[in-house]
Amino acid sequence: MREKDWLREYGPILLTGVVVGIAALVLTAAGNPKNMGFCIACFERDIAGALGLHSAAKVQYIRPEIIGIVLGSLAAALTAKEFRAKAGSSPACRFLLGLFVMIGALVFLGCPLRMVIRLGGGDLTAVAGLLGFLAGILVGIVCLRKGFSLGRAYPVPAGEGLILPGIMVLLLVLLLAAPGLLKFSQEGPGSMHAFWAVSLAAGLVVGVFAQRSRLCMAGGLRDAFMLRDFKLLSGFLAIWATVTAGNLILGSYHLSAQSQPIAHSQYLWSFLGMALAGWGSILLGGCPLRQLILAGEGNGDSAVAVFGMITGAAVAHNFGLAGNADSVKDGVYTVGGIGAAGMAAVVLGFAVLLAITLTHLPGKEETI
């Protein structure tokens with residue numbers, strides 16, 4: 001490939017990776033939790049808490065980054081005339097997939113984007129999650145090669161495609177004009193956040209760039225394994241490189257498997273949680289970040305998946321399924337992780353994903 005062709009092919013996605021990495025570093029410096037400049041799963045969990053959908057007091061806040069991502073994607077899609085309102089591709093299944101993708105991510109304590117950001121901070125506990133995510137992607141690829149499909153989406157009125165962006169605008173109005181209706185964490189990750197305008201601006205920029213470049217961690221690995229196409233994957237490599245370089249420059253790089261911020265060292269369940277998230281993301285057609293971008297483009301099915309993720313966050317915290325971070329108290333190091341309920345939820349998630357897969361293979365829908 002000639003140099004000009006290479007730049008035309010890879011330039012936008014690499015630039016997007018750098019922009020996302022810088023945004024993550026800026027948000028962390030501005031107040032977001034360490035190694036959590038951006039995390040789609042964690043931020044949707046915080047939104048669920050702010051709306052009273054769960055009672056975990058340490059993770060409740062309307063995250064403007066999520067609002068910005070959806071609205072940024074909408075603006076980019078409208079500008080490029082790519083806004084297409086469509087829906088009808090197995091919405092109930094997508095809701096369930098979103099729910100279990102979220103449960104898997106919260107078992108690990110992060111979405112694929114935060115997994116890369118954690119690695120960029122030197123967090124070696126995230127390696128187990130990366131390996132699990134890869135395993136889940138490979139299982140999903142097997143499903144695709146067997147002919148798995150949730151069916152096609154159909155054109156719908158524009159209003160259908162604007163539902164999630166409209167809800168995001170409403171959340172922003174609530175945050176700014178009626179905060180008394182919301183719940184706010186007084187301690188813990190939910191209490192750590194940048195000024196709302198900074199967060200919103202970062203989300204808008206990321207939403208625009210991600211929409212234009214089609215950034216997707218699950219899609220990047222899928223294309224790399226299935227098509228030997230590394231374009232999308234290169235975007236996440238750029239995020240990792242940018243965050244790593246930024247943390248080294250700022251003196252916040254900490255290469256270790258212990259005492260990492262909002263992380264646990266229960267490696268098996270980190271692996272299995274992200275395997276569940278990876279498999280579910282392939283069946284959905286994109287990672288949690290990509291679902292937000294697609295919803296901003298008018299995809300009602302992706303909006304349903306986002307609703308499923310927010311519901312999954314509520315379920316995870318109401319029933320004690322989410323992971324707990326390792327901690328140090330009075331000089332004693334305590335390993336976090338998940339309990340029996342979280343383990344059972346992950347196993348159930350694999351069973352549900354298998355059932356959805358088997359009922360959406362060629363010829364199966366007609367015989368059931």
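Counting from 1, the numbers follow the sequence of the chain as shown.
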- Going by heavy atoms in the side chains, are L97 and L150 under 4.5 Å from each other? yes
- Item | Exam field: side chain N32 to backbone G37, donor-acceptor pair closer than 3.5 Å | yes
All N/O donor-acceptor pairs, side-chain side in residues 165-185, below 3.5 Å, sequence neighbours left out:
unit_1: S185; atom_1: OG; unit_2: A57; atom_2: O; d: 2.7
unit_1: S185; atom_1: OG; unit_2: K58; atom_2: O; d: 3.3
unit_1: S185; atom_1: OG; unit_2: V59; atom_2: N; d: 3.2
unit_1: S185; atom_1: OG; unit_2: Q60; atom_2: N; d: 2.7
unit_1: S185; atom_1: OG; unit_2: Q60; atom_2: O; d: 3.3

- Query: Of H264, Q258, R118, which meets side chain to side chain donor-acceptor pair (under 3.5 Å) against T125?
  - Reply: R118
- Message: Please check: side-chain N/O of D223 versus main-chain N/O of K231, any donor-acceptor pairing under 3.5 Å?
- Response: no
- Taking S73 for the side chain and I69 for the main chain, is one N or O donor matched with an acceptor at less than 3.5 Å? no
- Atom CZ of F319 with >12 non-hydrogen neighbours under 6.0 angstrom: no
- 4.5 Å side-chain heavy-atom contact, L124 and Y267: no
- Query: So does R114 pair up with E65, basic N to acidic O under 4.0 Å?
  - Reply: no
- Supply the atom-to-atom distance L215 CG to I293 CD1, rounded to the nearest 0.5 angstrom. 8.0 Å
- Give the C-alpha distance, both sets of side-chain angles, the deciding distance and a yes or no for side chain to side chain contact (heavy atoms under 4.5 Å, CB included) between C111 and F43. CA-CA 10 Å; C111 67; F43 290 179; over 6 Å; no
- Whether T28 side chain and K34 backbone form a donor-acceptor pair below 3.5 Å: no
- dist L119:CG -> F236:CZ (nearest 0.5 Å) comes out at 12.0 Å
- Closest heavy-atom pair and its distance - A153, D301: CB-OD2, 3.5 Å
- Consider only side-chain heavy atoms of I, L, V, M, F, W and Y, link residues closer than 4.5 Å, and tell whether V208 and L294 are in one cluster. no
- Message: Has H54 got a side-chain atom pairing as donor or acceptor with G49's backbone, closer than 3.5 angstrom?
- Response: yes
- Message: Applying a strict under-4.5 Å side-chain criterion to I, L, V, M, F, W and Y, I'd like to know whether L15 and I239 cluster together.
- Response: no
- Query: So if you build clusters from Ile, Leu, Val, Met, Phe, Trp, Tyr with side-chain heavy-atom gaps below 4.5 Å, do L51 and M309 land together?
  - Reply: yes
- Query: Taking atom CG of L138 and atom CZ of F225, what is their separation to the nearest 0.5 Å?
  - Reply: 4.5 Å
- Short question: side chain of Q260, backbone of S265 - any donor-acceptor pair under 3.5 Å? no
- Message: Ignoring hydrogens, what is the shortest heavy-atom contact between R63 and P189? Give both atom names and the distance.
- Response: NH2-O, 3.0 Å
- Message: Quick check against the 3.5 Å criterion: does Q291 have a side-chain atom that pairs as donor or acceptor with the backbone of G286?
- Response: yes
- Message: Less than 4.5 Å apart, side chain to side chain, heavy atoms only: is that true for L162 and L74?
- Response: yes
- Query: Would you say the side chains of S281 and R222 form a donor-acceptor pair under 3.5 Å?
  - Reply: no
- Query: Do N35 side-chain atoms and G122 backbone N/O form a donor-acceptor pair below 3.5 Å?
  - Reply: no
- Residue pair C143 / T357: nearest heavy atoms and the distance that separates them: SG-CG2, 3.5 Å
- By side-chain contact (heavy atoms from CB on, under 4.5 Å), F195 pairs with (sequence neighbours left out) A197, V198
- Task: Give the intermediate values and the outcome of side chain to side chain contact (heavy atoms under 4.5 Å, CB included) for residues I117 and M36.
- Result: CA-CA 7 Å; I117 291 172; M36 199 193 288; over 6 Å; no
- Verify same cluster id: V19, M217 (apolar side-chain graph, 4.5 Å): no
- Note on the structure: Of all heavy-atom pairs linking G190 and Y61, the shortest is O-CB, 3.5 Å
- Side-chain cluster (under 4.5 Å, hydrophobic types only) that I22 belongs to, other residues: V18, V26
- Query: CG/L284 to CZ/F100 distance, rounded to the nearest 0.5 angstrom?
  - Reply: 12.5 Å
- Would you find a donor on one side and an acceptor on the other, under 3.5 Å apart, between the side chain of D46 and the backbone of I62? no
- Task: Look at E82 together with R212 and state whether they make a salt bridge at an N to O cut-off of under 4.0 Å.
- Result: yes
- Query: Taking side chain as C-beta onward, heavy atoms only, is P288 less than 4.5 Å from V101?
  - Reply: yes
- Would you say the side chain of M274 lies within less than 4.5 Å of the side chain of P112, judging by non-hydrogen atoms? yes
- Gap separating the OH atom of Y333 from the OG atom of S259, nearest 0.5 angstrom: 4.5 Å
- Could you give the distance from CD1 (I262) to SG (C42), rounded to the nearest 0.5 Å? 7.0 Å
- Message: If hydrophobic clusters are built from ILVMFWY residues whose side chains come within less than 4.5 Å, do F95 and I66 share one?
- Response: yes
- Query: How far apart are the C-alpha atoms of R214 and R290, what are their side-chain angles, what is the distance that settles it, and do they pass the side chain to side chain contact (heavy atoms under 4.5 Å, CB included) test?
  - Reply: CA-CA 8 Å; R214 277 56 174 169; R290 184 64 180 154; 3.6 Å; yes
- Message: If you define the side chain from C-beta out and look only at heavy atoms, does anything of F148 sit under 4.5 Å from I282?
- Response: no
- Message: I need the minimum non-hydrogen distance between G280 and L353, along with the two atoms involved.
- Response: N-CD2, 3.4 Å
- Message: Looking at every non-hydrogen atom in both residues, tell me the closest pair between G246 and L25 and how far apart they are.
- Response: CA-CD1, 3.6 Å
- Message: I141 vs L221, test: side chain to side chain contact (heavy atoms under 4.5 Å, CB included). Steps then yes/no.
- Response: CA-CA 10 Å; I141 288 173; L221 289 169; over 6 Å; no
